[in-house]
Amino acid sequence: MGALLEIEGLAKRFGGIVAVDGCSFSVETGSITGLIGPNGSGKTTVLNMLSGYLASDAGSILFDGKRIGRPDPTAMYRRGMSRTFQRARVLPEIDVLDNLLVAAPKRGLAVWGMSKANRATVDYAMTLLEDFRLIRLAEAKAGELSYGQQKLLEFATVLMGQPRLVLLDEPTAGVNHVMVDLMTERIRQFHAQGLTFLVIEHNMEFVMSLCNPIVVLDHGKQLFGGAPDEVQQNQLVLDAYLGD
Amino acid sequence: MKRWASAHRGLLIGLVVILALALFPFSGVEGWIVNIGIFTLMYAALGSAWNLIGGYTGYVSLGSVAFFGLGAYGLALTFQHVGVGDGLLPFALVPVIGIAVAIISLPLGFVAFRTRGLPFIIVTISLVIILQYLALNLTAVTGGAPGLQVPQAPFQPGTYEQYFYWAMLTVFAVTLLACAYVRGSRLGLMMFAVREDEDKARGLGVATSVPKFAAFAGSAAFSAMAGAVWAYYLSTVYPQFAFDGEFLAMGIILVAYLGGIGTLWGPFIGALILTPAQQYFAYSLGGSQLYLIAYAAVFVVVMLFLPRGVVTTFADRALRRSRRRKQAVEELATAELEPPVEASSHAVAR
Ligand SMILES: Nc1ncnc2c1ncn2[C@@H]1O[C@H](COP(=O)(O)OP(=O)(O)OP(=O)(O)O)[C@@H](O)[C@H]1O
Ligand SMILES: [Mg+2]
């Protein structure tokens, strides 16, 4: 299978800081690609440009073979690329089920209907809540959930749009190990159903067991890309981590 | 299933309340009390209309008064140039004016929505100031400072207020119904998402301009309808009153805050408490500007003691009580996921 996502020469600077400096890599269809790198190496910035939250200074993005001129968050989600945030973002004052229903794709006249969602959508949302062990909290406000549960909820939410590529920004950061296991299980489950992932992580155990290939970013450039064992043995990668 | 039942219970409660309000003038109360009723319903309608934009989408607007004034002038100008009969007939104009003002609001929203947060508040209050200025200075159209006269309705002295009371009640009921629809629908969900985190919502495929413009235009329409009824009732419109950026603007937001922003019944409850109090202050402290100070003091007290409003505070309490029963279940669910030892991260390479 070919590449679902290809980025070429992506660049972004903030004033004097070069956050992303001609970054190129691709995500193969059906892979769980890891994106690692020291703090401040530009991982989140790359994600922000891919998902349309930030305009890039240079470079090109190809999603599903089509060039994305100026990505826009709404359009990217509808094209089948959805993301989570490094610091979990949920809609705190509305309930957990509604958080999922918001993300169900609906446009045109369907927006003006009398109900929040049709039966099938609600059922699908309930299935996801079941999968993420949040079902008993369906009527709680999202803001009342623990941080780990919010991370799970955010992940569940982006699955409502039936995406083809999910970008996860540090899904395990600040989450206890029971939830990390749950997160891992769910990624594997949806991966088995054909979903492609790009996962940013610092948790090496998690990355090495889950991702292949792994792209290493340093100072906004891809340093290396390969299988987990190659990454672990690569001198450049070791230097980047130890030298920082 | 449970949601369906609760939606219908809500509809029933709404129907009973509106019916009770409709029967109120028959209880033998005097005209001046019905007059207070009209103002209470006007604030309830304006507060509910404000809630659509300020409470549901979180875009705190001070522009309600602008649309209220446009509705009032709209009615007066139609009287002057078209001739719409008298008696009950002019009431038929009210929804037409609402729709017209909603259309006018769209380009204004286009400008206002270039901003959010504090700048949005400033843009919307500027709108009121600009319109007041235009009403004062476009003398040929608006009659300038003395404003425009609307022919007085030929109702009997004893029942004169009643017709306006029912008209204002209708405006309030329609506004409430629209709010109830929004709250249970996809559109409302989108509005709430915009309020909670607009950028996040965009990343979930929500076309955020749909709920924003719907709330803005809907709010404008209902405010204008209240303004039109009000102008016919007073049979005059002039700039300081129609585009009152202080007293009226403050009152609208105050009823919403007092009752509970973002709740269905909040603005009504707020108006029910505040409007009679306001009329009382105006009576007892009327001659001076003191009543404005008393009014501002109410605002401060509300913000201090009920920062989330009456409805929100009591709803939270009721919820907590019913939660306690569910708590056992929830604790179980949480315990499953969160064992006592919380390892905050497993970072190996940091
Ligand atoms: N909005 C912004 N304004 C200014 N500088 C920024 C902004 N966002 C990121 N940066 C800078 O760009 C660089 C890359 O940041 P980025 O968040 O992409 O790194 P990261 O690889 O995600 O790091 P971490 O692992 O800590 O999350 C950093 O030096 C950061 O300070
Ligand atoms: Mg980051």
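Just so it is clear: chains get the letters A, B, ... in the order the sequence lines come, proteins before strands, and each one is counted from 1.
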Discussion item. Is the distance between the ring centroids of B:Phe110 and B:Phe216 under 6.0 Å?
Written reply: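 No.
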Item to complete: Determine whether the aromatic ring centres of B:Phe172 and B:Phe222 lie less than 6.0 Å apart.
Response: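 Not close enough - the centres of the two rings lie 6.0 Å or further apart.
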Using a strict cut-off of less than 4.0 Å between a Lys/Arg side-chain nitrogen and an Asp/Glu carboxylate oxygen, indicate whether [X] and [Y] qualify as a salt bridge.
X        : Y        : result
A:Arg164 : A:Asp64  : yes
A:Glu154 : B:Lys200 : yes
B:Lys212 : B:Glu198 : yes
A:Asp169 : A:Arg89  : no

Under 4.5 Å from a heavy atom of chain B, the part of [X] involved:
X        : result
A:Asp72  : side chain
A:Met114 : both
A:Phe206 : neither

Item to complete: Could you have a look at A:Val207, A:Thr157, A:Val102 and say which one has the most heavy-atom pairs with chain B under 4.5 angstrom?
Response: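 Winner by heavy-atom pair count: A:Val102.
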Worksheet item: By number, which residues in residues 97-109 of chain B have some heavy atom less than 4.5 Å away from chain A?
Response: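 Listed by number, there are no contacting residues, so the answer is none.
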Discussion item. If you count every heavy atom of other residues, nucleotides or ligands that lies below 6.0 Å from B:Tyr257 atom OH, does the total exceed 12?
Written reply: no
Item to complete: On the 0 to 90° scale, with breaks at 30° and 60°, tag the A:Phe132-A:Phe190 ring pair as parallel, tilted or perpendicular.
Response: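 Judged by the thresholds at 30° and 60°, the geometry between A:Phe132 and A:Phe190 is parallel.
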